[in-house]
Protein chains: 2
Amino acid sequence: MPGQQDKEPIVIPKPTLDRLKLYHRLLNEIEQKYISSDEIAQRVGTNAEQVRKDLTYLKTTGKPKVGYDVAQLRQELEELFGVKKTTKVILVGAGHLGSALVNYPGFANYGIEIVAVFDNDPRKIGMFIGELSILPMKDLARVIKRFRVEIGIICVPKDSAQQVADILVSNGIKGIWNFTPARLVVPDDVFVVDEDMSQSLLTLKHFLEMKKQKMQESQRG
Amino acid sequence: MPGQQDKEPIVIPKPTLDRLKLYHRLLNEIEQKYISSDEIAQRVGTNAEQVRKDLTYLKTTGKPKVGYDVAQLRQELEELFGVKKTTKVILVGAGHLGSALVNYPGFANYGIEIVAVFDNDPRKIGMFIGELSILPMKDLARVIKRFRVEIGIICVPKDSAQQVADILVSNGIKGIWNFTPARLVVPDDVFVVDEDMSQSLLTLKHFLEMKKQKMQESQRG
DNA sequence: TTTTTATCGTTATATCTTTCACGATAATCT
DNA sequence: AGATTATCGTGAAAGATATAACGATAAAAA
């Protein structure tokens, strides 16, 4: 395998990465100069050992009796997640969800900029979502090249999802944020993050089921 | 601890539960009568052993040389997730995202019915989202009681999130689907599922960071 | 300056999850 | 009917992650 080196291929475990995201969010909300592993833990709902373990994956180190330098930690996390670099993104599918995303105020904080919205419904072409006019799919290649877009958001009906993914991939997109329940098939070097809301829903319903069962049991018992 | 029994407190591990959701979705898409662990695995991107292990948490059992009965497995999963029972849900926050959710066609498939939408902006009261007219917050208690609502969706601005959560909880809501980045503080018996899109974003950006680093390394090396 | 204390970093232990391995079994083939 | 085969179910091994334990260290107190 050429181009691969054994020295320090430190990969951060997924669970740790997920918690680091929580820490990152927390650090953006607090004012103090230092914070202890224990305080971080309490605020995000884990324990101090876990926090310290997680932070060993970073360069930032804490001081005994004081804790971690908030600004420093925040900055390292921002680098880790590339928050500071603006990433240009296109969105395909100008339905309700697409509109919601274009208008989502949170993206700017994470260096995300939606530069164009596409749809294949001729009636929608030219209409505006926020300040962006909806473009036809045939303009996609041009826009991606022009703005050097790397990420595409898919929020079209499920049955068109794979087709759209194929178009995005063939135009050089390397990251896809998939809001449809479809499982996308893409080359290895393309990264897909699924945002399937129905799945979260199942989690909620399952919880309520469990709860009801428990209540019935304790009544019987 | 009264009301707690030691016999068979079988709890399905979270990773297993997440995969079961994938299997459930798959089973809804296929026509065949039987399916093998291997086919399930290939279709959802895992391996056969994993699938079989996961299915040991269910009552359904497979037949050698044949596989699992699709209909039976589907039904057991539907029961597990409470898909068949319609759950009534209210939504607070009639912004872009709220509208998107009300119009989301996928909910019906999972037995979710949004029965009312609330907002505290007087200008929005009485306007329609789909077929639902936007109600003032003061109607909330009445609606929850009337429809026996157990789940509330919060998609208001971050700063109002906790306040809304408190209102929901005090009106007997037991499950909250939180679309804001706020961390909600609720009693132990209330279950919160966070749907923080900014967090998924970080996953994507982190991936792109990694990728860039790798490319730089391989150029240097 | 010495002692005490809070908090870190890290190694060791425990738990949880996945993978492996293989005997059991129902369907198919000879 | 007996042999063969695909597939299951499960217990054991391996791997990953989380928790616990504790010595080290910087700040604060004595």
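Everything numeric here is computed off the predicted structure, so don't read it as measured data. Note that these values count all heavy atoms, side chains included, but never hydrogens, waters or copies made by symmetry.
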Basic-acidic side-chain contact under 4.0 Å: B/K84, B/E78: yes
Salt bridge flag under 4.0 Å for residues A/D196 and B/K21: no
Any side-chain heavy-atom pair of A/L80 and B/E209 under 4.5 Å: no
Exam field: side chain A/E150 to backbone A/G175, donor-acceptor pair closer than 3.5 Å: no
Donor-acceptor contacts under 3.5 Å from residues 87-112 of chain A side chains, at least two apart:
from: A/T87; atom 1: OG1; to: B/K205; atom 2: NZ; distance (Å): 3.1
from: A/H96; atom 1: NE2; to: B/N103; atom 2: ND2; distance (Å): 3.4
from: A/S99; atom 1: OG; to: A/G95; atom 2: O; distance (Å): 2.8
from: A/N103; atom 1: ND2; to: A/S99; atom 2: O; distance (Å): 2.8
from: A/N103; atom 1: ND2; to: B/H96; atom 2: NE2; distance (Å): 3.4
from: A/Y104; atom 1: OH; to: B/S198; atom 2: OG; distance (Å): 3.2

Contacting residues from residues 58-70 of chain A, given that a heavy atom lies under 4.0 angstrom of DNA chain C: A/T61, A/G62, A/K63, A/P64, A/K65, A/V66, A/G67, A/Y68
A/N178 side chain to A/A182 backbone, donor-acceptor under 3.5 Å: yes
Validation: residues 64-73 of chain B side-chain donor-acceptor distances under 3.5 Å, sequence neighbours left out:
from: B/D69; atom 1: OD1; to: B/A71; atom 2: N; distance (Å): 3.0
from: B/D69; atom 1: OD1; to: B/Q72; atom 2: N; distance (Å): 3.1

No-hydrogen, no-angle side-chain donor-acceptor test under 3.5 Å, B/S36 and B/D38: no
A/V44 backbone acceptor or donor facing B/R183 side chain under 3.5 Å: yes
Side-chain donor/acceptor of B/K211 to backbone N/O of A/V190, under 3.5 Å: no
Salt-bridge contact B/E29-B/R43 (side-chain N to carboxylate O under 4.0 Å): no
Atom pair distance, as rounded to whole Å: NZ in B/K14 and C1' in D/dT17: 15 Å
Strand contacts (DNA chain D) in residues 36-56 of chain B, 4.0 angstrom heavy-atom criterion: B/S36, B/S37, B/R52, B/K53
Under 3.5 Å donor-acceptor, A/E113 side chain and A/V115 backbone: no
Start and end of the DNA chain C segment that chain A contacts, any atom under 4.0 Å from a heavy atom: C/dT5 to C/dA12
Close approaches to DNA chain C from residues 19-30 of chain A, in residue order (heavy atom, under 4.0 Å): none
